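All of these numbers come straight from a predicted model, not from anything done at the bench. Just the heavy atoms: all of them, side chains too, but no hydrogens, waters or symmetry mates, feed the values below. Lettering follows sequence order; numbering is per chain, from 1.
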There are 2 protein chains.
Amino acid sequence: MTVIFSKKCEYGLQAVLFLSAKGTGEVVSADEIAKRLNIPKEFVSKILQSLTESGLVSSRKGKAGGFSLAKHPALIRLIDVVAAIDGLAIFNSCVLGFPNCSPDHPCPLHEKWGQLRSSAYSMLTEQTLDQLKEKTLNKIAHLEA
Amino acid sequence: MTVIFSKKCEYGLQAVLFLSAKGTGEVVSADEIAKRLNIPKEFVSKILQSLTESGLVSSRKGKAGGFSLAKHPALIRLIDVVAAIDGLAIFNSCVLGFPNCSPDHPCPLHEKWGQLRSSAYSMLTEQTLDQLKEKTLNKIAHLEA
DNA sequence: TCTTAAACAGATTATTTTATCTGATTAAAG
DNA sequence: CTTTAATCAGATAAAATAATCTGTTTAAGA
Ligand code: SF4
Ligand code: SF4
């Protein structure tokens with residue numbers, strides 16, 4: 001198998017997009033998130049807890065508790081979520097798994113891959129949650145299909 | 001962690017690049033490959049066996065046996081190796097892990113990610129082993145560093 | 001106050017991926 | 001013909017990732 005983001009990170013991104021689509025202040029329970037996104041409840045709960053520690057999400061305990069975004073969606077970039085969960089190592093290491101990735105000792109794909117890597121990084125840095133609200137709502141609406 | 005290719009695939013690509021750098025006909029033992037690339041011998045051996053089944057590599061048993069490319073390096077594209085090991089699912093599925101990836105029900109990143117995905121695919125399709133010989137040799141030479 | 005529903009913390013299990021082992025087969029070379 | 005060094009096949013072990021469980025704390029609302 002080939003993967004870009006870990007499951008943790010995928011779920012984290014989905015959940016955070018969902019929270020932003022719900023509205024900035026709104027508190028949503030892990031249970032609802034899990035049901036709407038069809039992902040394991042306990043798992044997404046753990047992930048959101050860790051994002052709470054990272055300061056991207058805030059949580060409220062007790063009945064009617066749940067999670068919400070800790071900042072305005074315009075201030076949360078996708079890269080922030082990725083950095084918090086998977087880290088940024090991928091943007092600094094070799095596609096081919098060779099050690100010592102650097103322009104001094106480039107691997108055979110350095111030139112071409114480096115460009116893609118930068119593009120991906122730029123994309124994740126430029127995209128903020130608010131920009132994706134419309135599309136997120138649309139995707140979630142058709143999720144059962 | 002975040003990954004593009006599995007370890008299997010990384011090692012497979014490295015090994016195949018190494019074989020091509022060695023010269024088309026030359027037979028190299030798994031032992032030598034493993035030592036030069038600093039990867040587990042038994043593992044790379046298994047991987048090359050599977051690539052033999054796929055028809056990209058050919059093998060010779062017995063003393064002085066080993067592996068060599070089954071075709072001219074100009075005829076082996078990187079995508080062929082990836083397809084044989086990791087498969088092509090990544091080029092057909094959602095970065096965010098949403099189900100039902102398709103232009104009909106695009107996920108929030110579809111537009112931007114789709115472009116990167118295509119670029120990556122093109123790159124792997126265009127690059128053949130022979131084009132990377134020089135750079136591979138150079139990388140391997142500095143591998144200990 | 002009591003019940004209920006939530007986050008939270010930490011342990012545990014399950015699954016997948018990565019790596020190793022064991023023995024069989026094959027072929028080169030003395 | 002025997003030794004040696006290799007692939008190969010299949011089982012096994014180790015590590016990482018994904019998922020679940022168990023119990024505690026917290027707060028809302030009846
Ligand atoms: S191509 Fe070279 S420099 Fe680029 S990631 Fe691979 S090893 Fe590193
Ligand atoms: S962006 Fe949409 S269409 Fe593209 S991979 Fe993700 S779900 Fe699929």
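Closest to the side chain of A/Ser29, from the set C/dA6, D/dT7, C/dC8, is C/dA6.
In this model, a donor atom of one side chain and an acceptor atom of the other lie less than 3.5 Å apart for B/Ser45 and B/Gln49. In this model, no donor atom of one side chain and acceptor atom of the other lie less than 3.5 Å apart for A/Ser29 and A/Asp31.
Defining each end axis of the helix from C/dT1-D/dA30 to C/dG30-D/dC1 as the rotation carrying four pairs' C1' atoms onto the next four, with five pairs an end, the two axes are found to diverge by 10° to 10 degrees.
Rounded to whole angstrom, the span from the CD1 atom of A/Ile33 across to the C1' atom of C/dA6 amounts to 12 Å. Atom CG in A/Leu48 sits about 9 Å away from atom P in C/dA7, given to the nearest Å. Rounded to whole Å, the distance from CZ on A/Phe67 to C1' on C/dA6 is 9 Å. B/Glu32 has its CD atom 11 Å from the P atom of D/dT7, to the nearest Å. Residue B/Phe5 contributes atom CZ, which lies 13 Å from atom P of C/dT18 at whole-angstrom precision. Put simply, CD1 on A/Ile39 is 15 Å from C1' on D/dT20, counting in whole angstrom units. Atom-to-atom, CD1 of A/Ile85 to C1' of D/dT17 comes out at 14 Å; the value is rounded to the nearest Å. Atom-to-atom, CG of B/Asp31 to C1' of D/dT7 comes out at 12 Å; the value is rounded to the nearest Å.
Under 4.0 angstrom from either OP1 or OP2 of C/dA6 there lies no side-chain N or O belonging to A/Ser59.
One finds a salt bridge joining B/Lys7 and B/Glu10 here, because a Lys/Arg side-chain nitrogen approaches an Asp/Glu carboxylate oxygen to under 4.0 Å.
One N or O on the side chain of B/Ser119 and one on the backbone of B/Gln115 form a donor-acceptor pair closer than 3.5 Å. Using modelled atom types, no side-chain atom of B/Gln127 and backbone atom of B/Leu132 make a donor-acceptor pair closer than 3.5 Å.
For B/Tyr11, the ring pair (Phe, Tyr, Trp, His ring centres under 6.0 Å) partners are B/Phe43, not counting sequence neighbours.
A/Ile85 and A/Tyr121 fall within a single hydrophobic cluster, where Ile, Leu, Val, Met, Phe, Trp and Tyr are joined by side-chain heavy atoms under 4.5 Å apart, directly or via other members.
From A/Arg117, atom CZ reaches atom CG of A/Leu109 across 11.0 Å, with rounding to the nearest 0.5 Å. For the atom pair B/Cys107 SG and A/Lys139 NZ, the distance stands at 6.5 Å (nearest 0.5 Å).
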Worksheet item: If the sugar-phosphate is the primed atoms plus P, OP1 and OP2 and the base is the rest, what is the B/S/- string for nucleotides 19-30 of chain C, using protein heavy atoms under 4.0 Å?
Response: SB----BBBB--
